[in-house]
**Q** 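My questions will all concern the structure given below.
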Amino acid sequence: MNPQWLAVRAGGARGGVEFRQSLTNAQDLWNQLFFPIVAVVVMFFLRGSTVPGTNFSIGSMAIPSMLGMTVAFNGLLGVATMLTVEREDGTLLRAKAIPNGMLGYLVSKVVTVSGQTVFGLVIILIPGLLLFHGLAVTAGSLVILVGVSVLGLIATLPIGAIIGSMLSSPRNLGLAMLPIMGLVAISGIFYPITAMPDWLQAVAQVFPIYWLALGMRSALLPENMVAVEIGESWRHLEMIGVLGVWAVIGYFVAPIVLRRMARRESGSSVAARREKAMQRIT
Amino acid sequence: MTGVRELSEPTRNPEAPDGTAIEVHDLRMRYGSVDVLNGVEFTAYRGEVLALLGPNGAGKTTTIEILEGFRMRSAGDVSVLGVDPAHGKESWRARLGIVLQSWRDHGKWRVAELLGHLGRYYAAYSTPERRRPHDVDELISRVGLEEHASKKVSMLSGGQRRRLDVAIGIVGRPEVLFLDEPTAGFDPHARREFHDLVHRLSDLEDTTILLTTHDLDEAEKLADRILILAGGRILANGSADALAKQVSGQAEVRWSRHGELFVHSTEDATGFVRELFAQYGEEIADLEVRRASLEDTYMTLVHEFESGRSEAAAQTFEGVTR
């Protein structure tokens, strides 16, 4: 059998194993559940407030936006976290030491993160549908939801891989976390973006988070809610365009950055990082 | 050519031209303005076990990482299984084994699960002579982890983890195996078992093994040939016995006569003892002849090098061997 194909299949299986491990491990599960639960609870208490100019609940509007944010978080931070942690602990070096191991490794990350994204979406979607009123779920909305999720992962995974390759250690993840949290704040997740100053709206529209949230809102909110969006439109074509540009950038840059990062890995570089990490602990 | 090379006494296939597994010629490595490797030369023959000895910072790890294809060299010719590691394809990588020092990677994986997974990548490179990968159960029993096969990796003790590292290194049934300080942190029992494993690998599987170590006793027990690396050069190259003879020709003879102890250093121990018996016959008791140990040899060489006489040390050595 073709060795590359074999490695892709092994990577797929590896992704499955790691996804299963993340669901059967209290620590990982807590990390995954903490933020969605807090957000859903907060939104639940905000369900009485309405979006200005409508009688639609702010909490209900935030549910689809949070779905978009979940996709972006997993694609950007999920991958970046795994890459930095597994580079430090030597997982990546092991992948490098076996034939086609890096190919299998990357495939496994895509599978693991996709699984975790689906899990994260379900965690929000189920209470969202049960506890919040006004969400319009149709066959069409499910198609859009799946489509936006897939497109979102395609656009954000390579960017996450680039971030993970450039950070020197997991303790620097905050460097990536901070700007992403900033983007969440201005991307109209918890409040309509049209309430923001124009220049902030412009900034938010450069990045994928706003578009992912918009796409999810277009899937789950009633048609008349389009009134509070920019240009009073769901702008599907623009969404595909912006996410597509990010995807293209990612697929050109990520392989270069990943290769450069992987090339530097060796037993002594892992040992040096281990030493550094141990000094911090003790 | 340097005399160091002539010292080599390959135990297997010394004549066979295609019996070469690793060939290093004038290898140089420079970081900034520091020369770490300064013209390293050696050859490893198929099935041979080579130990790379040297003080910290001598360039052992750098050398091994260049051979593994993990590090680019500054200059020189290197070939592993007939391929330049700098341009090794995945099919080349499939024939190598690298024992890495693990820390906490794959902590959530179970031992058998992990070995089974990592072995899958080698299946495409299986040949009739060399079935790849290893059968997982057989591999686990070979490194003595039977009772821990379904344990999580994070639950293993330090020694067990190192044995798992070895198992991962050989899961693809490598033709060349690299081990960088394989027994650091082993207890004496684990060390003995590891030594048996290495012997079996080189005997049964015809695996060429290059290991670095600080443990001179280990090098002596494991290696067919020992390379001493200091200051970025191979100072000595030969079996432990050959090295001891070359560096310190003196042997120590101890005996007792009428309850009195005697000690004498000589270059020709056999001749001295013969005369001793000729002279005193039955009166001689408690006879003991001690050759210089590898430790003595190593200390002499490294000391000479470190006291700034590296050139002289290398020269003397060449002189002796010629």
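Chain letters run A, B, ... following the sequence lines, proteins first and then strands; every chain starts at 1.
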**Q** Which atoms form the tightest heavy-atom contact between A/P99 and B/Y125, and what is the distance?
**A**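 Nearest heavy atoms, A/P99 then B/Y125: CB-CE1, 3.6 Å.
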
**Q** Counting only non-hydrogen atoms closer than 4.5 Å, does B/W109 touch chain A with its backbone (N, CA, C, O), its side chain (CB onward), both, or neither?
**A**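 Both backbone and side chain of B/W109 come within 4.5 Å of chain A.
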
**Q** Quick one, B/L100 with A/R94, criterion side-chain contact (heavy atoms from CB on, under 4.5 Å). Give me CA distance, side-chain angles, the key distance, then yes/no.
**A** CA-CA 8 Å; B/L100 297 164; A/R94 286 221 192 278; 3.7 Å; yes

**Q** For A/R259, does the CZ atom have more than 12 heavy-atom neighbours from other residues, nucleotides or ligands under 6.0 Å away?
**A**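 Check fails, neighbour count at 12 or below.
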
**Q** Please report the interatomic distance CZ(A/R264) to CZ(B/R71), rounded to the nearest 0.5 Å.
**A**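 Here the interatomic distance stands at 11.5 Å.
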
**Q** Counting heavy-atom pairs closer than 4.5 Å to chain A, which one of B/I168, B/L96, B/V171 comes out on top?
**A**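 Top option by heavy-atom pairs under 4.5 Å: B/I168.
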
**Q** Would A/E88 and B/R104 count as a salt bridge (Lys or Arg N to Asp or Glu O under 4.0 Å) here? Give the steps.
**A** CA-CA 9 Å; A/E88 183 174 83; B/R104 59 182 184 201; 3.0 Å; yes

**Q** Within the distance-only criterion (no hydrogens, no angle test), does the side chain of B/E65 pair as donor or acceptor with the backbone N or O of A/S268 below 3.5 angstrom?
**A**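 Such a contact is found between B/E65 side chain and A/S268 backbone.
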
**Q** At a heavy-atom distance under 4.5 Å, which candidate from A/A271, A/A97, A/G90 has the highest pair count against chain B?
**A**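 Heavy-atom pair counts peak at A/A97.
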
**Q** Name the option with the most non-hydrogen atom pairs under 4.5 Å to chain B; the candidates are A/S266, A/G267, A/G101.
**A**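 Answer, by heavy-atom pair count under 4.5 Å with chain B: A/S266.
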
**Q** Counting N and O atoms only, with roles assigned by atom type, does the side chain of A/E86 sit under 3.5 Å from a partner on the main chain of B/D105, one being a donor and the other an acceptor?
**A**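 Between the backbone of B/D105 and the side chain of A/E86 there is no qualifying donor-acceptor contact (under 3.5 Å).
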
**Q** Please examine the side chains of A/L6 and B/R120, heavy atoms only from C-beta on, and report whether any two atoms are closer than 4.5 Å.
**A**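 Answer no - side chains too far apart.
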
**Q** Going through the checks in order, is the side-chain hydrogen bond (donor to acceptor under 3.5 Å, both in side chains) test met by B/Y122 and A/N100?
**A** CA-CA 9 Å; B/Y122 292 91; A/N100 301 299; over 6 Å; no

**Q** How far apart are the C-alpha atoms of B/K108 and A/T24, what are their side-chain angles, what is the distance that settles it, and do they pass the side-chain contact (heavy atoms from CB on, under 4.5 Å) test?
**A** CA-CA 10 Å; B/K108 294 173 202 156; A/T24 51; over 6 Å; no

**Q** Please say whether more than 12 non-hydrogen atoms of neighbouring residues, nucleotides or ligands are located less than 6.0 Å from CZ in B/R200.
**A**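 Counting neighbours around CZ of B/R200, more than 12 heavy atoms of other residues, nucleotides or ligands fall under 6.0 Å, so yes.
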
**Q** Quick check: are there more than 12 heavy atoms from other residues, nucleotides or ligands sitting under 6.0 Å from OH of B/Y31?
**A**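 Yes, enclosed.
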
**Q** To the nearest 0.5 Å, tell me how far B/F70 CZ sits from A/R263 CZ.
**A**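 Output value for this atom pair is 14.0 Å.
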
**Q** Where do B/Y121 and A/Y105 come nearest, in terms of heavy atoms and distance?
**A**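 That would be OH-N, 4.3 Å.
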
**Q** Other residues, nucleotides and ligands only: do more than 12 of their heavy atoms fall within 6.0 Å of CE on B/M155?
**A**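 No, not enclosed.
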
**Q** Counting C-beta onward and ignoring hydrogens, is there a side-chain heavy-atom pair between B/H117 and A/V17 closer than 4.5 Å?
**A**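 No. Closest side-chain heavy atoms not under 4.5 Å.
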
**Q** Are A/R14 and B/E113 close enough for a salt bridge, meaning some N to O gap below 4.0 Å?
**A**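 B/E113 and A/R14: not salt-bridged.
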
**Q** Checking heavy atoms, do the side chain of A/R87, its backbone, both or neither come under 4.5 Å from chain B?
**A**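 It is neither, since no heavy atom gets under 4.5 Å.
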
**Q** Would you mind telling me which of A/D28, A/L92, A/V85, A/V270 has the largest number of heavy-atom pairs within less than 4.5 Å of chain B?
**A**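 Of A/D28, A/L92, A/V85, A/V270, A/D28 has the most heavy-atom pairs under 4.5 Å with chain B.
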
